[in-house]
Structure formats: C-alpha cells, structure tokens
Amino acid sequence: MTLSVRISHPFPAFRLDVDLEAPEGVTAIFGPSGAGKTTIINAVAGLFLPHSGCITSRGATFFDSDRRINLPTQKRQVGYVFQDHRLFPHLDVKANLNFGRRARKIGENRADFDRIVSMLGLEQLLGRSPFALSGGEKQRVAIGRALLSAPEVLLLDEPLASLDQMRRQEILPYLERLRDEARLPILYVSHSVSEVARLSNQVLVIDQGQQSVLGPVGDVFAHPHAAGRMGAEDLGAVLFAKVHAHHSDGVTELASAGGRLFLPKTNADIGAFQRVRIRAQDVMLSRQKPEQISALNVLSGTIVDISKDPDQSGKGVLVRVRCGDDLLLSRITLRSLNALDLRVGEPIYAVLKTVSVARGDVGQG
Amino acid sequence: MMADPFLSAESWYAVFLSLRVSLLATLCSLPLAVWVAYLLARKDFFGKQVLNGLVHLPLVLPPVVTGYLLLLSFGRRSGVGQFLEQFGIEFAFRWTGAALAAAVMAFPLIVRAIRLAIEAVDPKLEEAAATLGGGRFFVFRTVTLPLIMPGVIAGSVLGFAKAMGEFGATITFVSNIPGETQTVPSAIYAFLQVPGREGDVIKLVVLSILLAMGALMASEWLARRQVRGMQGQ
C-alpha cells in the first residue's frame, strides 16, 4: 500500500518538482507557506492538474501525463482533511460521517463506524449539527468523515492550523493513534516543526517547489540542510525511546539508544515507545563529564559534523552529536566552539535539562 | 353557474385561472431555472453573457413587446406554433399561452434568486464532497440543492407573485377572453372599462392582496423551517 507521487509543474514564480514514495504511516510535507505543499496533495486528490508526472496508489493510476490518464476526484479513493473543516452545514455529525459511504454506495459498516467514532471520541457528538461543535470537534469529525469514506490514501492539509494551542494538544493524540492504527499512507502538510516532529515517520522538506530533503524523521531533523528550513529556535533532533520507569519525584526515565533520558513525567505506559524532540538550543556541550550539575541528562557521544547556524547571522554553529544510534543537535556560539576547540570525530558530552523538554514535545513513538 | 353572493362567475374563473397559470408557470420553469442559474453561477462557457442577457431580457423589455414576440414565435402562423399544433399543443389565445407568458416573465426573477443562492454556497464544500466519492450529480443533489433551498423557495414565491400580476405580455399574447384567458389583472382591467363594476374590481383587488400576502408568509415559513433544519434544532 504505497503511494507514489512524481509530478512537476511550472508556476510563474517557481517550478514544482516532487518525487515521493509514501509507505504506510505519516509522510510530512514540510516547508514555509507558499512552497507548494498543498499543491502536492491537491494533485493527489485530483483537485489540481499538474503539467506532467505520474501518481499511483496501490496499483491504481490516478494520473499519468504520458498515458493521458487523469482520474476524476470522486474516483480516486482519497480521504482529504482540509485546513478549514468543510463539514456539510445541513447535515448532522452522523450524516457527515456517513457521506462518503453514501457517495461511494458502500453499505454502512457498523464495526468500522464504531471503531472510528471511538478512536476520535465522537460518541457524544453524533446527533449534533456542525454549528454546535467547537473548532477541535469539527476537525475531528472531518478526520472521521475522511476515514469512513474507505480511503486508500489520507491527505491532511494543516489540519491544526486553524486551531488554538489548547485544541492542538487535544487533537494531536488522536492523530498519533490515526498514524499507528489506520495502516494507510498519510500525507500530512504542515509548516509547524513541532507537529511534524510529533507525528511523522518520514519527512519531505520542500522549498520554492523544490524537494530538498526526504527521509526518516530522525534523520531529517538532524540533517543540517533540512535544519536550515526550520529556523534556529525550532531546530532540534527527534529521538525514539522506551519508557523505563516513572519516578515518584515527577520524572519519567526513558531508555534511548544514546543512554538514559530523564523527562518531565508522562502518562505513557512502561515499555511504550515515545518520541522526544530535543531543541538544539537546549543542548549544552561539555568536554568532560559534568558532575554535581542540576541537569539530569548527560549523554556521551561523538561529534559527527559542525555546520553554520541556520539563521545565517554567523554567531552560532550547529553541532551534530551521535549518541549510540541517535543523532542529537546542539546549537552553540562560535565563541564556545573556539573556546572548546571542538572538532569532528572527537568524543563529547551532551547536557540537557529535563525541564527544557516541553510536554508537547513528547509523543507516542 | 349559480349567482355567487361574493364574486361573479367571471371573477371566480379569473381567480382560478390566475392560480392555475401561476402555479404551472412556476413549477414548469423551476427545473430549467435551477439549471440555468447553476450554469451562470458556476460555469464558464462561450456565450455565457448572451444567455445571461436572454434570460434577463423580459425583465427590462416592455411586457407588450415580450407578448408580441411570443405571439410571433408561438402564434398559429409561426413555424413553432404549427409544429406544436401537430401534437395538439396550442399557446396563442389559450390559457396555456397565459402560463407561457407568465413563465417567461417570471423566469429572470426565479433564476436571479437561485443564482444568488448558488453563489453563496462555498464551492469548497462541493470539492470536499467530491473527495468523499460524490459524482457531480450526487454532489448537486445532496449538498448544493439542500443548501440553496431557501433561495429556490424565495425565487419560486417571487416568480409566482410575478406570474399572478403579469398583464402586458399576457393580454398581448393571449388577449382577454372571459372564461378562457382572462386572469385576475386582465379581469380587473376589463371591469374598469365598464361603468358600475367597481364592486367587482374592489373584491378582486382585496383577493389579490390576500393571495400575495399568503404566498409571502408561506415562503417565510418554509425558509425559516429550512434554516432551522440546517442548524439541527
């Protein structure tokens, strides 16, 4: 069940070129506004006709410029969650959810319906009109509606962009479940670093229509070039770790490939996989193993490379440290770099304060 | 017919004919009006401005001119008239002709109301419906049509009222034959020409006002019920 997208299209301002294989799980399409992200998923949905290329899903050809194939939107089995929920105002939640089944003339599947309704927590909303829903609820219904239309591909266009921070935190866990349970290729368009870090398995970084980096989330987030697209403050590595223990003093201990991580207490089960985003500017570097220090996390590793700070001011540098199998990013000043005389290949200790990891930066693996 | 204490047989006929003519004119032009409104609101095609002009022409043309054009096109001597006569359909100087004249005059008003309603529907909703697997007709039936229903109702009432009041085109096209083509406005006009029939005139006037008010209130009620249904209360 792989989605393959290879398209190019000349726009007045730039040229869009994308070559992407999306397996099951979330492929985030990340980039600044106006980079052509939404155009890519619109092309998959048949809402945008690219100049040339080929789009196939599970053996079905959606679009092929050489063979002059362009399947109309309603014949492509895609579920689309728009930035604005686009619920049908004249139908209640239940009728909105069942719209796809009616349109595709597939009988109602009680089990599917119940599963998706409970996954998204919609039980209490079924009889309501879209007018009576909050922004977060509307977006959850929109996700359910797309899922219930029996899609082979799921497209999400900044589904959290229109929501405030509270609502985002409310929906993120549902999206994590969706990623882990839906067994579909999901294209997730976003310009939010934290959402991408939290949700994606694979990341495509796009800028001015050009595909600059494509790879697993851990690699892309530690990739110096991709890092340049994220902004100095948002920059950071994504680590995967297993919950080892919850301590009574409000700290959760996780086991990562690079060593033990102590984070603010989560409610994840022992043994569950978590992903942690560690901002580059929160990571300190030390030549010697620091002792009698308040920071709980001291990871030993090796310097992989040193590159210029993405904000181009010339005042900072970005140091990549390999700790076990994981890559960490640290953003330090040029002055510190020179003072410590850091070089590629040397051993180093990375230091991280527990409290600098925000609650929203830890999610299901 | 027995003498009616309230209205003369002639007047009664005029009232029933007007109702029949207006209802037929409205109902028959409604599907076409929805289609034309949809084309004008959502499609770009060659000759769109011409179609738009043709639809709206009866609104700005003197009704007598419209009536005369109808007579020229559908009269017994015209090609169309002769063709339709073979199937037993006659318009000139028949009540069906009054319905045709009323329909032509009401059409621009109905199209206008529905077109505005369609333009108010966000095409993004139709796009969303297509991503859920809805074909064009399915999407129209299940999304667009329910959302424009208040506009369709408003347009129909407006058209019905216009048809009830239509005079110039009707009298030119089908004349003013009592018991055949004499609608309420034609009857009022005819009674005004004869001394001593002011009583009949007043009665018809009052009846016209009542019918018009009734239609307006019915449309308000329908539109409100529609909106309430949409908000799920």
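The figures that follow rest on heavy atoms only: side chains count, while hydrogens, waters and symmetry mates do not.
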Q) Should we count CZ of Arg136(B) as having more than 12 external heavy atoms under 6.0 Å? A) no

(Q) Any salt bridge linking Arg115(A) with Glu181(A)? Criterion: basic side-chain nitrogen under 4.0 Å from a carboxylate oxygen. (A) no

Q: Below 4.5 Å from any heavy atom of chain B, which atoms of Leu155(A) appear? Answer side chain, backbone, both or neither.
A: neither

Q) Quick one: ring-ring contact (aromatic ring centres under 6.0 Å, His included) pairs with a partner in residues 19-70 of chain A, sequence neighbours left out? A) His9(A)-Phe48(A), Phe11(A)-Phe48(A)

Q: Could you have a look at Arg104(A), Arg102(A), Arg86(A) and say which one has the most heavy-atom pairs with chain B under 4.5 angstrom?
A: Arg86(A)

Q) Arg112(B): what forms a side chain to side chain donor-acceptor pair (under 3.5 Å) with it, not counting sequence neighbours? A) His56(B)

**Q.** Heavy-atom proximity to chain B below 4.5 Å, by part of Arg145(A)
**A.** both

Q) Where does Arg101(A) contact chain B at under 4.5 Å (heavy atoms): side chain, backbone, both or neither? A) neither

